Protein chains: 2
Amino acid sequence: MKVTFTLSRRNPAEPKLPKNYQLIYDIVEQSGLGRHLTPAEIYTKALKRRPGIGFSTVYRGLERLRDLGLVSELHVPGAEAATYEPVGPKHAHFRCSECGEIEDVPYAVPSRTLKALALEHGFTIDTERVTFEGHCADCAS
Amino acid sequence: MKVTFTLSRRNPAEPKLPKNYQLIYDIVEQSGLGRHLTPAEIYTKALKRRPGIGFSTVYRGLERLRDLGLVSELHVPGAEAATYEPVGPKHAHFRCSECGEIEDVPYAVPSRTLKALALEHGFTIDTERVTFEGHCADCAS
DNA sequence: CTGAGAGTGAAAGTCACTTTCACGCGTTTC
DNA sequence: GAAACGCGTGAAAGTGACTTTCACTCTCAG
């Protein structure tokens, strides 16, 4: 499946992303919302499209894309590695402690609450992370 | 400072915790609510009280205490190691991205919300984790 | 006392991730 | 076009948290 890159359209001020980084971005985007890929999985997919690509390039690419805000990095306790997903609306994550599957959950701390907490404690909040753990529908049965 | 162990009072059915595990429990308890110790820090403190104690014993002890629900384990993205704190009321954590300091924040997802999410998605929620990141009062100035 | 099982410490292993470094490729500058 | 430059690249070694292994020791019920 051939996919045209939409990077320059998204951010015209940043037209030149190295092609390997575009490839990585492409892979994460194609995974779709709700999918969570580890660097190893992304590397495997990248290898198929560009044989010879190095592991370090994938790590570097993910780091860069994360800093640019083009992909989201997700650390979940219990999962052995970080996972990456396309950027999307703020949401929480649910991890099944039995099968390890990670699911998106539509929940975010109310911004009013965030403001109140920040004010009360004197800090500024840049990001919020909400993770639930339990048993998914499949494993519960 | 000599401290009497309160273990057996807390859980009379589990009167026999190995003394090294009691030591570790003691250290975490004494750190107080709001403190967050890494295994390395706990090991250092343990060494002073019981020279010769091994690293693996500390890890094993923390694991055991965590499973028994006597201490809380906390993984924070960005922090290099896990941290441990005494059990206490549910709360969220704030981590300063500049100095790495971790602070307790009195916030919990409303239980009604939890129930609603669980029902809607068909999973059961055992634990919830909320982490904020930003700049603490000291670093912001 | 005695034997089984739990606890212990040292050391080696594992694994995600980071760093280093020499090379290459494209871009810019005469 | 040719030389100079710099970012991107891949291989490989390094790092550090945690885990596993294993032989030894301690504890305690019988």
Side-chain angles (χ1 to χ4, degrees), chain A residues 5 7-8 13-28 36-68 70-84 95 100 102, chain B residues 5 7-8 13-28 36-68 70-84 95 100 102:
Chain A
F5 295 109
L7 252 189
S8 49
E14 196 92 28
K16 293 196 282 188
L17 202 65
K19 56 185 189 322
N20 277 340
Y21 292 6
Q22 289 195 359
L23 169 66
I24 293 164
Y25 174 73
D26 199 25
I27 288 170
V28 176
H36 305 88
L37 302 175
T38 63
E41 287 165 341
I42 294 169
Y43 173 62
T44 304
K45 286 173 186 287
L47 253 190
K48 285 184 190 147
R49 296 226 220 144
R50 202 182 302 278
I53 191 173
F55 214 75
S56 29
T57 300
V58 173
Y59 267 102
R60 263 189 303 247
L62 289 169
E63 189 181 338
R64 178 82 133 264
L65 293 168
R66 181 237 294 147
D67 289 348
L68 290 172
L70 295 172
V71 306
S72 292
E73 189 185 49
L74 174 63
H75 287 269
V76 177
E80 66 294 332
T83 59
Y84 293 83
R95 176 176 183 274
I102 296 171
Chain B
F5 294 109
L7 253 188
S8 47
E14 194 92 28
K16 293 194 282 185
L17 203 64
K19 57 186 187 328
N20 277 341
Y21 293 5
Q22 289 195 359
L23 170 65
I24 293 164
Y25 174 73
D26 199 24
I27 287 170
V28 175
H36 304 88
L37 301 175
T38 63
E41 286 166 341
I42 294 169
Y43 172 62
T44 305
K45 285 174 186 288
L47 253 189
K48 285 183 189 146
R49 297 226 219 145
R50 202 181 302 279
I53 192 174
F55 215 76
S56 29
T57 301
V58 173
Y59 267 104
R60 262 188 303 245
L62 289 170
E63 190 181 337
R64 178 79 133 266
L65 293 168
R66 182 239 293 149
D67 289 348
L68 289 172
L70 295 172
V71 305
S72 292
E73 190 185 48
L74 173 62
H75 287 270
V76 177
E80 64 294 333
T83 59
Y84 293 83
R95 177 175 183 272
I102 295 171

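Just so you know, these numbers use all the heavy atoms, side chains as well, and skip hydrogens, waters and symmetry mates. Each chain gets a letter, A, B and so on, in the order its sequence line appears, and its residues count up from 1. Only a predicted model underlies this, so the values are computations on that prediction, with no experimental measurement involved.
Note: CD (B:Glu41) to P (D:dA17) measures 11 Å, nearest angstrom. Between the P atom of D:dA11 and the CG atom of A:Asn20 lies a distance of 12 Å, rounded to the nearest Å. Whole-Å rounding puts the B:Tyr84 OH to D:dA17 P distance at 13 Å. Here the C1' atom of nucleotide D:dG16 and the NE2 atom of B:His75 are 15 Å apart, to the nearest Å. In this structure, the CD1 atom of A:Ile42 is 11 Å from the P atom of C:dC17, given to the nearest Å. Protein atom CG of A:Leu47 is 9 Å distant from nucleotide atom P of D:dA11, rounded to whole Å. One atom, CD of B:Glu80, and another, P of C:dA16, lie 19 Å apart when rounded to the nearest Å. Counting to the nearest Å, the P atom of D:dT15 and the OH atom of A:Tyr59 are 18 Å from each other.
Residue pairs satisfying the salt bridge (charged side-chain N to carboxylate O under 4.0 Å, His left out) criterion with at least one member in residues 52-68 of chain B, sequence neighbours excluded, are listed as follows: B:Arg66-B:Glu73.
Taking the six-membered ring for Trp and the full ring otherwise, the centers of B:Tyr21 and B:Tyr25 sit at least 6.0 Å from each other.
The shortest distance between side-chain heavy atoms of A:Leu37 and A:Lys45 falls below 4.5 Å. Between A:Ile53 and A:Leu23, the closest side-chain pair of non-hydrogen atoms falls below 4.5 Å.
Both B:Thr57 and A:Ala82 lie close to DNA chain C; mapped to their nearest nucleotides by heavy-atom distance, the more 5′-ward contact belongs to B:Thr57.
For the atom pair CD1 of A:Ile24 and CG of A:Leu70, the computed distance is 12.0 Å after rounding to the nearest 0.5 Å.
In this structure, of D:dT9, D:dA17, C:dT8, it is D:dT9 that holds the atom nearest to the side chain of A:Arg60. Picking from D:dG10, C:dC17, C:dA16 the nucleotide with the shortest atom distance to the side chain of A:Ile53 gives D:dG10.
Contact annotation for B:Arg64: backbone-only contact, meaning every heavy-atom pair under 4.0 Å involves sugar-phosphate atoms and none involves a base. B:Ala40 comes within contact range of no nucleotide atom at all, as no heavy-atom separation falls under 4.0 Å. At a threshold of 4.0 angstrom between heavy atoms, the contacts of B:Phe55 with the nucleic acid are absent.
Between the side chain of B:Ser56 and the base of C:dA10, a donor-acceptor pair under 3.5 Å is found.
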